[in-house]
Protein chains: 2
Amino acid sequence: MTNIKDVAKYLGISVSTVSRALNHYPDVSPTTKTQVMDAVQYLNYRPNAVAKGLIQKKTFTIGFMIPDITDPFFPALANAVEETLSVHGYQVVYGSTNRESEKEKQFIANAISRQFDGLIITPDVLDDEMIALISGLQMPVVFLRRRTPQGLNAPYIDVDHYHAASAAIRHLVTRGHQRIGFISLPVNSITGSERLRGYMDTMSAYGLMPEPVSIVEGGRTIDHGRAAMEKLNQRCPNLTAVFAANDLLAIGAMEWLHMHHIAVPDQISVMGFDNLEYASFQWIQLTTMEQPREEMGRKSALTLLKMMKDPKQSPVSELVEAKLIERKSILNLNAVPAGRS
Amino acid sequence: MTNIKDVAKYLGISVSTVSRALNHYPDVSPTTKTQVMDAVQYLNYRPNAVAKGLIQKKTFTIGFMIPDITDPFFPALANAVEETLSVHGYQVVYGSTNRESEKEKQFIANAISRQFDGLIITPDVLDDEMIALISGLQMPVVFLRRRTPQGLNAPYIDVDHYHAASAAIRHLVTRGHQRIGFISLPVNSITGSERLRGYMDTMSAYGLMPEPVSIVEGGRTIDHGRAAMEKLNQRCPNLTAVFAANDLLAIGAMEWLHMHHIAVPDQISVMGFDNLEYASFQWIQLTTMEQPREEMGRKSALTLLKMMKDPKQSPVSELVEAKLIERKSILNLNAVPAGRS
DNA sequence: ACCTTGTTCAAAAACGTTTCCGGCAATGCC
DNA sequence: GGCATTGCCGGAAACGTTTTTGAACAAGGT
């Protein structure tokens with residue numbers, strides 16, 4: 001590999017002049033500058049970013065930690081993050097941690113030793129050790145799709161899961177639904193507990209205090225959704241609607257209903273959360289709360305950029321709006337003859 | 001940030017001893033070694049991987065270039081690659097290029113200046129400039145999900161698209177289908193042209209030379225599949241089966257059929273390619289050729305690992321088998337009363 | 001007493017850049 | 001013509017490691 005010394009020697013000038021020419025410093029004459037550029041071309045010289053990073057204490061790489069790239073929620077996020085960071089010369093290093101605490105810590109440790117310039121993270125487990133690790137970080141951090149935990153003061157970009165769940169329930173109730181089941185995410189996760197809380201509070205605000213049996217903890221996958229729907233159907237056979245805490249659960253539920261010849265929405269309505277591509281399939285047509293993933297990804301990248309440019313200012317968190325996407329999985333009971341069990 | 005000089009000063013020993021202790025060199029006494037370890041803990045010292053990379057000429061990062069992380073085909077690949085590389089201490093840098101030539105070149109250039117140790121790439125456009133760029137590379141490269149282009153001698157990991165397409169057609173023909181339409185990927189892509197070739201050759205081997213009108217170039221998305229199915233239906237209303245070159249196209253086709261009340265498989269059979277998660281949905285149940293994505297990801301990572309360990313040996317390419325996943329989207333005409341148009 | 005061998009460590013070079021500092025012409029100004 | 005200013009450039013330090021070389025010392029054999 002040819003280095004800067006080689007091109008300096010080739011031109012018979014000093015290393016520092018070559019460096020200044022390449023970095024467009026003002027104090028280098030136009031003629032030598034073009035000479036340098038030509039020599040660089042001719043010798044096929046590529047600056048070594050590692051050496052540059054060492055001396056500048058800036059690597060132009062940022063870390064992006066997510067629970068699971070295989071979860072269809074994340075690729076769009078990742079894409080938006082990379083898109084907006086790459087135009088500023090940053091490269092992003094993904095880490096898919098499978099929600100394992102060990103891997104998450106591993107990723108942070110790596111970010112430190114590799115001198116990343118910033119971090120966008122969606123941590124899943126936030127025990128004390130993790131919080132300590134993050135709070136000891138020298139680089140800017142933004143939390144994505146979860147609020148900043150107690151004890152840290154990084155900004156976050158999140159949707160308001162609580163209000164979104166509330167809006168979903170409102171949508172169902174105003175369409176005449178009263179017996180509404182809930183298929184939950186793991187409740188030890190933040191998003192899971194927030195959406196559950198939105199369901200609970202809104203139901204009781206309408207005087208529809210749900211019995212505990214109408215809530216089942218589902219998990220995150222389609223299979224979980226199926227199993228949860230089966231359990232729900234056993235325990236509360238007279239539900240008119242089901243609210244699933246994400247689209248995968250909703251689709252699992254719809255699959256179970258389809259297999260048992262229970263028509264959606266005629267016999268039971270289903271509401272989802274996320275608006276994945278699946279949701280718009282002709283067979284599914286799921287009404288769901290959309291999380292604006294591109295927007296979230298973009299905004300997290302932009303606030304990180306701002307923080308890296310000026311580490312002084314305290315950056316601002318943002319709560320973006322979820323949006324109700326109406327399709328055909330919910331029946332309006334008020335517009336129906338009546339006489340349903 | 002505390003560096004190795006700090007811990008040396010703290011212990012009153014030399015920098016080199018600390019370094020040797022940390023890297024488990026034999027010539028450091030047990031007592032100083034434990035002292036060093038304790039000091040490292042106490043001072044919260046983290047080795048600077050950038051400096052290490054500079055002197056060792058090894059960064060323990062590999063680049064993984066894919067066309068589009070948003071395409072549901074790739075996350076599983078990416079996951080497998082990262083999984084098997086991370087256990088060897090490598091970190092992987094993704095690049096989602098949106099199939100833009102400019103971004104692909106950008107990624108390679110970045111890989112050079114950042115001194116990556118190796119590359120796993122799924123390039124989409126391979127013009128002369130790209131080939132020159134790659135052939136000038138100092139680091140090992142493996143091609144994934146495409147064969148190595150002429151003029152390069154890197155290994156590849158791919159499925160045999162041609163034979164897989166051939167097997168798909170054989171499956172249809174042995175079930176009595178003769179008029180089989182084809183929805184193609186963009187034919188200027190390698191995978192697209194290979195699958196098309198498999199279709200063509202196999203059809204004519206059975207004496208079923210397809211008319212040009214029964215082939216329509218679809219694209220890559222569900223919307224393309226819909227449009228293609230509509231076109232196909234106009235041009236060849238008497239098809240008994242359609243082979244779509246990937247599952248997204250197949251699902252788009254099935255959507256169009258569903259919207260027009262044409263039953264699958266009773267009125268027309270559909271065969272896909274990829275076996276995405278979608279394909280197993282209850283409403284879809286698509287028979288399709290599975291590409292073993294985890295296996296491909298793992299294998300590409302393993303051969304890269306081998307090449308990095310011993311750059312001498314010429315590594316071996318692999319063609320993995322696609323596997324027919326039988327579901328319910330194909331009707332066996334031989335087991336049916338007869339009398340179909 | 002001397003050589004050999006082995007163990008443990010320190011000094012310094014090296015990696016490829018950037019950047020600070022100073023020097024040397026040439027120019028402009030009085 | 002002296003003097004400050006400007007434009008351009010070279011030397012060298014610095015970034016934080018690893019690695020090579022060899023020094024110091026002890027122990028053991030003859």
Side-chain angles (χ1 to χ4, degrees), chain A residues 1-37 39-40 43-61 89 109-117 138-139, chain B residues 1-37 39-40 43-61 89 109-117 138-139:
Chain A
M1 280 274 84
T2 123
N3 59 17
I4 201 176
K5 223 176 284 183
D6 294 329
V7 6
K9 203 174 297 176
Y10 173 78
L11 288 175
I13 63 178
S14 81
V15 169
S16 46
T17 303
V18 176
S19 174
R20 286 197 310 269
L22 285 173
N23 294 294
H24 305 292
Y25 275 54
D27 58 345
V28 40
S29 77
T31 57
T32 54
K33 185 161 177 175
T34 58
Q35 281 179 341
V36 167
M37 293 307 181
V40 161
L43 298 173
N44 195 25
Y45 164 72
R46 316 260 182 172
N48 182 326
V50 177
K52 192 182 294 203
L54 177 59
I55 191 162
Q56 289 190 152
K57 293 172 174 311
K58 169 134 190 163
T59 55
F60 279 98
T61 99
N110 241 303
I112 298 175
S113 80
R114 285 168 182 267
Q115 312 278 109
F116 288 173
D117 294 333
Q138 299 296 318
M139 64 198 81
Chain B
M1 278 274 86
T2 122
N3 60 16
I4 201 175
K5 221 176 286 182
D6 294 329
V7 6
K9 202 173 296 175
Y10 173 76
L11 288 175
I13 63 177
S14 80
V15 168
S16 48
T17 302
V18 176
S19 174
R20 286 197 313 270
L22 285 173
N23 294 294
H24 305 293
Y25 276 55
D27 60 343
V28 40
S29 76
T31 58
T32 55
K33 186 162 176 175
T34 57
Q35 280 179 342
V36 167
M37 292 308 182
V40 161
L43 298 173
N44 195 24
Y45 164 72
R46 316 262 182 171
N48 182 327
V50 177
K52 193 183 295 203
L54 177 58
I55 191 163
Q56 290 190 151
K57 295 172 173 311
K58 168 134 190 161
T59 55
F60 280 98
T61 99
N110 241 303
I112 298 175
S113 80
R114 285 167 182 266
Q115 311 279 108
F116 288 173
D117 295 331
Q138 299 296 319
M139 64 197 82

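The chains referred to below are lettered A, B, ... by the order of the sequence lines, with proteins before strands, and numbering in each begins at 1. These numbers come from the heavy atoms of this one structure, side chains and all, not from hydrogens, waters or symmetry mates.
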Among residues at least two apart in sequence or on other chains, which ones pass side-chain hydrogen bond (donor to acceptor under 3.5 Å, both in side chains) with A:Lys5?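 side-chain hydrogen bond (donor to acceptor under 3.5 Å, both in side chains) check on A:Lys5 returns nothing, list empty.
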
Once side-chain contact (heavy atoms from CB on, under 4.5 Å) is applied, do any residues pair with B:Thr34, and if so which ones, sequence neighbours excluded? none

To check you understand the geometry: which heavy-atom pair defines the closest contact between B:Thr59 and B:Phe116, and what is its length? OG1-CA, 3.8 Å

Hey, what do you get for OG1 (B:Thr32) to CE (B:Met37), rounding to the nearest 0.5 Å?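 If I round to the nearest 0.5 Å, the distance is 10.0 Å.
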
Nucleic acid footprint by protein, nucleotides 9-19 of chain C - heavy-atom cut-off 4.0 Å, B for base, S for sugar-phosphate alone: BBBB-BBBBBB

When you compare the side chain of A:Tyr45 with that of A:Val18, does any pair of heavy atoms fall below 4.5 Å? no

Report the residues that fulfil salt bridge (charged side-chain N to carboxylate O under 4.0 Å, His left out) with B:Arg20, sequence neighbours left out, ordered by chain and then residue number.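 Partners of B:Arg20 under the salt bridge (charged side-chain N to carboxylate O under 4.0 Å, His left out) test: B:Asp27.
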
Enumerate donor-acceptor pairs with a distance under 3.5 Å from any side-chain N or O in residues 46-58 of chain B to protein atoms, sequence neighbours excluded.
residue, atom, partner, partner atom, Å
B:Asn48, OD1, B:Val50, N, 2.7
B:Asn48, OD1, B:Ala51, N, 3.2
B:Lys58, NZ, B:Tyr90, OH, 2.6

Angle by which the axis turns from one end of the helix from C:dA1-D:dT30 to C:dC30-D:dG1 to the other, five pairs per end, to 10 degrees: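 The two end axes of the helix from C:dA1-D:dT30 to C:dC30-D:dG1 meet at 60°.
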
